[in-house]
Amino acid sequence: KVVIWAMEDAVIEVRAPKKEKLVKKVTLAKGQFVSLEQELNQVIGATLEVVASTGTFTAQVYWDEGFTVPADNGSAGGKSFHTYVGTITNGVNDLNVLAPRLDAKVVVTDLKTKEVLFKGLVKGGTAKTLTLADKYVTVESDVPVNVVVAALEHYKTGYAEHHFAAGLEGMQIDNEFLVTTSGELWVFSYYDGNDVTVKDAKSGAVVFSGKLSAGEVKGLRPGHGLFSVRGSRGLSTMGGASACGADYSPAGGLFAIDEAVLEV
């Protein structure tokens with residue numbers, strides 16, 4: 001399934017260039033979406049090109065849970081999100097709204113039925129999980145939050161997926177994270193002398209405390225839950241279990257550029 005979400009009013013074409021085929025052309029208002037499933041059967045094995053002649057959009061390729069949702073500002077931290085929450089592998093998926101520091105007033109709405117699925121406060125340093133099936137939803141918050149679709153409540157341990165977490169600033173390289181996992185937690189350091197502390201976000205228990213060098217990775221098995229990861233310098237973190245997942249690894253050079261700009 002491919003779901004295309006309009007961040008602005010947009011005219012969008014989905015093409016299969018090598019097959020010289022126009023798969024779909026659609027006009028969407030801001031906040032609307034189009035879901036492609038049967039149409040994909042016409043272009044099996046093809047690479048799709050999605051182009052907007054006007055407006056901006058995001059394209060979600062859904063096959064199982066285990067992914068971080070982008071906000072409407074283009075980063076993984078923001079106040080407005082749209083995503084599909086599906087049914088693979090266990091018939092339901094978990095939608096997790098993470099409040100990294102500040103208390104967040106959050107509303108989760110079913111875009112098809114307009115039903116409010118959740119309205120309430122997510123305390124800073126915690127997550128609100130909704131176990132859903134086949135739902136197109138919007139998440140709105142009064143302060144920046146992160147949204148992750150990954151097994152946390154419906155499948156307590158060992159769910160086969162891996163996803164990179166979003167940091168406090170919405171980037172995947174930062175020095176402060178809240179990350180969900182169904183068993184394993186990986187911490188990647190981009191700098192020498194990086195003082196890292198990993199805590200269970202619920203109990204506050206320290207899972208790991210130590211120093212990592214540039215290019216070093218620390219693999220932990222803290223078990224299922226929500227964890228706080230802090231470093232003195234740039235990190236990326238990945239949660240999950242087993243050997244499944246297809247996420248992009250964050251690019252370390254982005255953080256180096258950011259530091260160079262701050263120095264200037």
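Here, residue 1 is the first one in the sequence, and each next residue gets the next number. All figures in this text were calculated on a predicted structure; none of them were measured in a lab.
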Over all heavy atoms of both residues, which pair between [X] and [Y] is shortest? Give the atoms and the distance, please.
| X | Y | result |
| --- | --- | --- |
| Ala16 | Val43 | CB-CG1, 3.7 Å |
| Val229 | Leu235 | CG1-CD1, 4.0 Å |
| Tyr136 | Ser35 | OH-OG, 3.0 Å |
| Val145 | Ala99 | CG1-CA, 4.3 Å |
| Asp103 | Val143 | O-CG2, 3.6 Å |

Side chain to side chain contact (heavy atoms under 4.5 Å, CB included) partner of [X], chosen from [options]:
| X | options | answer |
| --- | --- | --- |
| Leu212 | Asp195, Asp192, Val187 | Val187 |
| Pro250 | Met171, Met238, Gln172 | Gln172 |
| Val23 | Glu39, Glu49, Gln42 | Glu39 |

Check: [Y] main-chain N/O paired with [X] side-chain donor or acceptor under 3.5 Å:
| X | Y | result |
| --- | --- | --- |
| Asp110 | Glu115 | no |
| His162 | Cys244 | yes |
| Glu65 | Asp94 | yes |
| Asp247 | Phe164 | yes |
| Asn93 | Ile88 | yes |
| Asn146 | Ala165 | no |
| Ser141 | Pro144 | no |
| Asn90 | Val92 | no |
| Asp200 | Val207 | no |
| Asn73 | Ser75 | yes |

Is it the case that the side chains of [Y] and [X] hold a donor-acceptor pair, with the cut-off being a distance below 3.5 Å and no angle test?
| X | Y | answer |
| --- | --- | --- |
| Asp134 | Thr87 | no |
| His163 | Thr180 | yes |
| Ser189 | Glu216 | no |
| Thr89 | Tyr155 | no |

Worked verdict on Thr138 versus Glu140 for side chain to side chain donor-acceptor pair (under 3.5 Å):
CA-CA 7 Å; Thr138 181; Glu140 303 287 341; 3.2 Å; yes
Set out, in order, the CA-CA distance, both residues' side-chain angles and the distance that settles salt bridge (charged side-chain N to carboxylate O under 4.0 Å, His left out) for Glu8 and Lys30, then state yes or no.
CA-CA 4 Å; Glu8 302 171 311; Lys30 180 179 179 181; over 6 Å; no
For the residue pair Ile173 and Tyr190, establish whether any side-chain heavy-atom pair is separated by less than 4.5 Å.
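Yes, their side chains come closer than 4.5 Å.
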Look up atom CG in Asn194 and atom OG in Ser213, then write down how far apart they are to the nearest 0.5 Å.
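Atom-to-atom, Asn194:CG and Ser213:OG are 9.5 Å apart.
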Is the count of non-hydrogen atoms from other residues, nucleotides or ligands lying under 6.0 Å from Lys112 atom NZ greater than 12?
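Counting neighbours around NZ of Lys112, 12 or fewer heavy atoms of other residues, nucleotides or ligands fall under 6.0 Å, so no.
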Please determine whether the number of non-hydrogen atoms from other residues, nucleotides or ligands lying under 6.0 Å from atom NZ of Lys156 exceeds 12.
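Yes, enclosed.
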Find out if a path of hydrophobic residues (ILVMFWY) with successive side-chain heavy-atom gaps under 4.5 Å connects Leu220 to Trp186.
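No, separate clusters.
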Check the angle between the aromatic planes of Tyr84 and Tyr62 and answer parallel, tilted or perpendicular using the 30° and 60° thresholds.
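It falls in the perpendicular class, over 60°.
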Measure the acute angle between the ring planes of Tyr159 and His154, then classify it against the limits of 30° and 60° as parallel, tilted or perpendicular.
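Because their plane-to-plane angle is over 60°, the rings of Tyr159 and His154 count as perpendicular.
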